[in-house]
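For clarity, every value in this text was computed on a predicted model and none was experimentally measured. Reminder, nothing fancy here: chain letters follow the sequence lines and each chain counts from 1.
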Amino acid sequence: MVLKYLLVLLSDSSASFCYYPSQKAEIPKGIAVANSHKKDNAFHISDEKPTEIYYNEKQHLISLDHLKKTVVFALKNNLKVNFLYPHFLLDEAYTKVIEEVEHIKIIPFDAKIFNEDAILIIDSKDFPTTLDLENYTHQNFILKLQKKDLKKLDTMILALLAKSARINLVLMDVENYEEKEYAIYEKQLEKITRNLIQYQNQNAIPELNFLTDRIDLNQMNNCQAGIQHLTIAPNGKMYLCPAFYYENPSEDLGEIKNEIFIKNSRLLELNYAPICRICDAYQCKRCVYLNKKLTLEINTPSSQQCITSHIERDASRRILEKLQKMHPDFNPQITIPQLNYRDPFEIVKGNPQKIATLNHP
Amino acid sequence: MIETKEVIIEKTNTWEEGKAKNITFIVTEDCQLQCKYCYLVGKNNLHKMDFETARKSIDYLLQDCNYFSETSVILDFIGGEPFIEIDLIDKICDYFKIRAYETDHPSFNSYRFSFSTNGLLYNDPKVQKFIAKNAAHLSIQITIDGTKEKHNLQRVYPGGKGSYDQVVKNVPLWISQFPNASTKVTIAREDLPFVKDSVIHLWNLGIKEVNINVVFEDVWEPGDDALFEEQLVLLADEIIENKYYENFTCSFFSTQIGLPYKENMNWCGAGKMLAIDHEGNFFPCNRFVNYSLQNREQLLIGDNQKGINQNRLRPFLTLDMFTQSSPECVSCEVATGCAWCQGANYDYADSSTIFQRATYLCLMHKARVRANNYFWNKLEKKLQKTLRTLP
Ligand code: SF4
Ligand code: SF4
Ligand code: SF4
């Protein structure tokens, strides 16, 4: 484990920046199941929806004491911090502590906190009516795309292009994607690609995690929760990532401390993920939370994760082909071969890798 | 592999091994016995399957040719004690035959009904009627654990009385109906002194194939391995002296065990097989059902309404030896044949995963390997033949 940064949930109602649902209207699920006598009941097996209870947001803020401890820990261990902001402004005492450490602010767009260096989270459901993008020129955005808005992805990306330095797309409800959604996603990426190539004649293309990351990568660049980063929740405890906190707060990794023990942590590593370790969709998040939720194993991805990532990989392949044709010296070290599968599971199933090709680190 | 015909001590392949889809119906969790080593920790007489549940499950499976792509099928009936529910089983089997025929499913031409039973009801008229009706498509395994003393140590009625006499009286009928019948023996700690005598006893009863295992649970203590090894060496001597190797098999001895890994395969078939409980829930094998687990929640891979959850199947179908083993096991010099049970691994793992191998059997396996070497070296010397390929 080479920890590089921490994620800090400043409040239970901090906006979700990733695959897990925002918690504004929900209490963390695990509270309801914490009484079971069996171990590790997180994710098992009930598909119950969490109870909908609205709570007073300010009550669920991280304590100043926990925040200070987190910052000191980060300073001592050369860690950067990503602070996940709620929808309301923080008191000055909080801001002061936050400013002590090298950090990035991740802020929900609708909080209307203008900050050039921050990453802003946009929800596709707010697009474009309530979005005023006027003041932005070179912003980092996270676009959380609801499944029902998939058909509008190209319009949204086009609207954001001139405003962005980078756009991270998160496919919400990806677990419910089926053939119909795959086809739409493919179409959408085709459309965006066409526009992108035209756009790049005049301007620098912003980074798009789902399209352009792969054309610069020659090794995996996954989320790496539990390896490169850990999360501090408002209760002052550590988690693999915010999603694990919301899923089951009683499954924590303990208080902030130097010796962090994660049971079976090897299963977070690529080498111990039989499907992913043969894969070259390097831009894929390889989300261990979705893995756990959908396959019950943190090292095993769902078909939805693999297929959407391969749709992206294939779109990147076309972009790279075009760019290399136009500029022969463009990224000569990168190749993206055409594949005859869109889910590496099909290759690995019943056909495990040879022992000689595998090494314990 | 063995080239010589006069040595058959190694277990032969079972019907359509690896090619048939194995579907287990957990028809009842009830049993007349209360065997001491029984892994069914939550055994009870409340849960039993009804016909509707079985019917829906068969209907679902016969139409899911993506999951059930095999052309042969083994319908396995387990409990508890399956023959307690013989009427239900008869109905399920008839329904399967009719539906497989009506849907033109390839398995109609290649199916088996398989039973693991404690044997107490074997001579019951209803059971016998069922056997006569399905004779060409049956395999039945009666569990006898060896000598009377060894059997009655474990396989007892709720009051503590041993079941040996009631079981053994049905053995001649069973052997007459299934001359190649096999039995499955489980060795617990207390049984260790009786291993040799038990195997020989079963052969003398006419059971040619003895499949034998030590329990997978975390029960073994220092010194057990030495006792085990001693018993296996005594057994080896007796087999060689009395030429049991010509007519009988015992799964303890094999030319394939005690070698370094060459393949990265998983050991067990969980996930390729399917177990169905009384509610119509689907499991990777019956060891993942609540009643067999001590520490963890049961692990479902679907049900007969919504079908197979393909995502939950993915870990089982991509699980390999390397990913679940420690570096020590991967590079172990005597690794082959060192068994594990995916369900026990899951139950004992530090976190909720099937990717952590329990190694409680390490010393027992190493003892078995030494006795196995002893056996083959001695036999090769006697027959003046090479029977194994050593690295
Ligand atoms: S594991 Fe990583 S990718 Fe998945 S939800 Fe957590 S932070 Fe996001
Ligand atoms: S596409 Fe699938 S196999 Fe490849 S890295 Fe992503 S999750 Fe793993
Ligand atoms: S458990 Fe022991 S005997 Fe078995 S493979 Fe591992 S090290 Fe070898």
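Counting non-hydrogen atoms of neighbouring residues, nucleotides and ligands closer than 6.0 angstrom, the CD atom of Glu178(A) reaches no more than 12 such neighbours. Heavy atoms of other residues, nucleotides or ligands lying less than 6.0 angstrom from NZ of Lys262(B) number 12 at most. Atom CD of Glu263(B) is surrounded by 12 or fewer heavy atoms from other residues, nucleotides or ligands within 6.0 Å.
The closest side-chain heavy-atom distance from Phe355(B) to Ile298(A) is not below 4.5 Å. Taking 4.5 Å as the limit, every side-chain heavy atom of Ser303(A) sits out of range of all side-chain heavy atoms of Gln310(B).
Atom-to-atom distance recorded for Ile354(B):CD1 and Thr300(A):OG1 is 7.0 Å, nearest 0.5 angstrom. With rounding to the nearest 0.5 Å, the separation of CD in Glu297(A) from OG in Ser352(B) is 7.0 Å. The CG atom of Asn264(B) sits 8.0 Å away from atom CD of Gln353(A), with the distance rounded to the nearest 0.5 Å.
When only modelled atom types and interatomic distance are considered, Thr353(B) and Asn264(A) share no side-chain donor-acceptor pair under 3.5 Å. Residues Thr323(B) and Arg277(A) have side chains that bring a donor and an acceptor to within less than 3.5 angstrom of each other. With no hydrogens or angles considered, no side-chain donor-acceptor pair links Asn311(B) and Glu175(A) at under 3.5 Å.
Residue contact with chain B, scored on non-hydrogen atoms closer than 4.5 Å, involves the backbone and the side chain of Thr295(A) alike. The part of Asn299(A) that comes within reach of chain B is its side chain, from C-beta onward, which places non-hydrogen atoms under 4.5 angstrom from that chain. Using a 4.5 Å cut-off between heavy atoms, Lys272(B) makes no contact with chain A at all. Contact of Ile301(B) with chain A is not made at all, since no heavy-atom distance falls under 4.5 Å. Heavy atoms of Ile275(A) lying under 4.5 Å from chain B belong exclusively to its side chain. Contacts of Gln356(B) with chain A are made by both backbone and side-chain atoms, with heavy-atom separations under 4.5 Å. Using a 4.5 Å cut-off between heavy atoms, Ile355(A) touches chain B through backbone and side chain atoms alike.
Look at Lys354(A) and Asp320(B) and you find no salt bridge, because none of the NZ, NE, NH1 or NH2 atoms lies under 4.0 Å from a carboxylate O.
Partner Arg314(B) forms a side chain to side chain contact (heavy atoms under 4.5 Å, CB included) with one of Val348(A), Asn291(A), Leu294(A), Asp343(A) and no other, that one being Asp343(A).
For the pair Gln324(B) and Arg266(A), the tightest heavy-atom approach, listed with the atom from each and the gap, is O-NH2, 4.0 Å.
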